[in-house]
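As structure tokens, the structure follows; a few thoughts come after it.
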Amino acid sequence: MNTTAAQLSNFFKVRIPQLDSRVVVTLLRQLALPLLGMLAFLFLWSATAQNIDTSLGKFPGPSAVIEQFDALYSEHQRSREKERAFYQRQQERNAERVAADPAYQPKIRAYTGKETFIDQISTSLVTVMCGFLLAVVIAVPLGIAIGLSKSLNSAINPIVQIFKPVSPLAWLPLVTMVVSALYTSPEPLIAKSFLNSLITVTLCCLWPMVINTAVGVAGIDQDLVNVSKVLRLSALRHVRRIVLPASIPMIFTGMRLSLGVAWMVLIAAEMLAQNPGLGKFVWDEFQNGSSDSLARIMAAVLVIGFIGFLLDRGMLMLQRLVSWDKAVS
């Protein structure tokens, strides 16, 4: 009994300090160091902001930006209250008119209030995801076809190489003119501004996805191709069973690159074309020139960066979910 107690005592004396040290190191790496870096950034930002004078006053520090986050959310809440009151007044008036004239057909007019900061965030997110998904539908099948066929690769590669370096913003005037010429419905189901931004995002997403998908497909291990030949898989089953699983890492690398570029391009396109979204919010605040404009712009910049980070992490999680090789991502 005494021997067992001595052994347990020696175990706790030796093992627990070692375990604690590993836990401490892990916590430092995962929590303390990132927190320390953020605190250092906030300190430098606050100290630098106090020494920068602009035509609109002091450059906003962290406290001013936090105040604007609260103000922007309050504005959003007030806008939603006005919207509810607007529809409620319509319902009451329509009920009164129907009571007076049962043949009257009530009409509900849409609320046309100014979009709030949160509305602009939602608009930009919907636009970038729609443009990105449209690019996936086009680019991934095209990249697979190019990777499987050397002849098709030789035919399309010059086109890809010519258009790949073109800035997506250079397409914006052309896209705007084409959409205005072809989309002439008097009551459009989808706003032209949304289509302009969506097509611009799609164009900037295409090339990284096409290239990475084609490279991933062309680089499949020859042993896997031989297995497919031995099993006499059809072309569709070959793509589904062999090509896609083996090239998933490269496909998602192209997707992550495309989504990051798309988010940056969308904000610039919204600023340039004054299409609804975060880019328009930034430009409107810059043109507004009030004492709070700089803090609001800085708040939008932080939100843009944070959303970009979340989009990248989301793609990484999706890659880990669908990829057979979890270490690649």
Side-chain angles (χ1 to χ4, degrees), residues 65-88 90 108-137 168-169 172 175-176 179 183 187-205 255-256 258-288 292-293 295-318:
V65 173
I66 291 174
E67 290 177 3
Q68 288 307 313
F69 273 122
D70 183 64
L72 289 168
Y73 182 73
S74 299
E75 289 177 8
H76 175 74
Q77 292 293 96
R78 290 194 295 270
S79 177
R80 293 289 79 84
E81 291 174 1
K82 290 180 181 179
E83 183 179 3
R84 286 192 292 268
F86 174 80
Y87 285 115
Q88 184 176 357
Q90 285 196 78
I108 300 294
R109 293 180 175 83
Y111 180 71
T112 57
K114 181 181 178 182
E115 286 189 324
T116 65
F117 180 62
I118 295 177
D119 293 333
Q120 305 278 36
I121 293 174
S122 301
T123 300
S124 291
L125 281 173
V126 170
T127 304
V128 76
M129 292 310 301
C130 289
F132 172 75
L133 292 176
L134 178 59
V136 170
V137 171
L169 295 180
L172 184 59
V175 170
T176 303
V179 170
Y183 195 57
E187 295 182 1
L189 182 62
I190 302 175
K192 290 183 179 180
S193 59
F194 175 79
L195 279 179
N196 293 335
S197 298
L198 181 147
I199 295 173
T200 304
V201 167
T202 300
L203 288 172
C204 81
C205 287
M255 286 184 178
R256 289 178 64 192
S258 295
L259 188 56
V261 172
W263 183 241
M264 291 188 292
V265 167
L266 175 64
I267 302 303
E270 289 170 347
M271 293 179 66
L272 185 62
Q274 287 295 281
N275 294 334
L278 277 171
K280 185 177 185 301
F281 174 85
V282 171
W283 185 254
D284 287 345
E285 288 298 332
F286 176 72
Q287 294 293 321
N288 183 25
D292 295 329
S293 292
R296 287 171 174 252
I297 292 173
M298 194 64 197
V301 167
L302 293 177
V303 169
I304 291 168
F306 185 66
I307 290 176
F309 169 76
L310 292 181
L311 291 175
D312 183 73
R313 294 297 96 181
M315 287 300 300
L316 183 60
M317 291 176 62
L318 183 59

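All values reported here derive from a predicted model rather than from experimental measurement.
Side-chain atoms of D119 come within 3.5 Å of backbone N or O of T116 as a donor-acceptor pair. With S293 contributing its side chain and F286 its backbone, the two residues share no donor-acceptor pair below 3.5 Å.
Rounding to the nearest 0.5 Å gives a distance of 8.0 Å between CG of N275 and OG1 of T200. With rounding to the nearest 0.5 angstrom, the CG atom of L72 is 7.5 Å from the CD atom of E285. Here the straight-line distance linking atom CD1 of I267 with atom CD of E270 works out to 5.0 Å at 0.5 Å rounding. Rounding to the nearest 0.5 Å gives a distance of 5.5 Å between CZ of R296 and CZ of F281. Here OG of S197 is found 11.5 Å from NZ of K280. Values are rounded to the nearest 0.5 Å. To the nearest 0.5 Å, atoms CH2 (W263) and CG (L310) are separated by 10.0 Å.
Other residues, nucleotides and ligands contribute at most 12 non-hydrogen atoms within 6.0 Å of the OH atom of Y73.
No salt bridge links E81 with R78; every basic N to acidic carboxylate O contact stays at or beyond 4.0 Å.
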Walk me through whether I66 and D70 qualify under side chain to side chain contact (heavy atoms under 4.5 Å, CB included). CA-CA 7 Å; I66 291 174; D70 183 64; over 6 Å; no
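For the side-chain contact (heavy atoms from CB on, under 4.5 Å) with F194, the qualifying choice from V179, T123, V126 is V126, the only one to do so.
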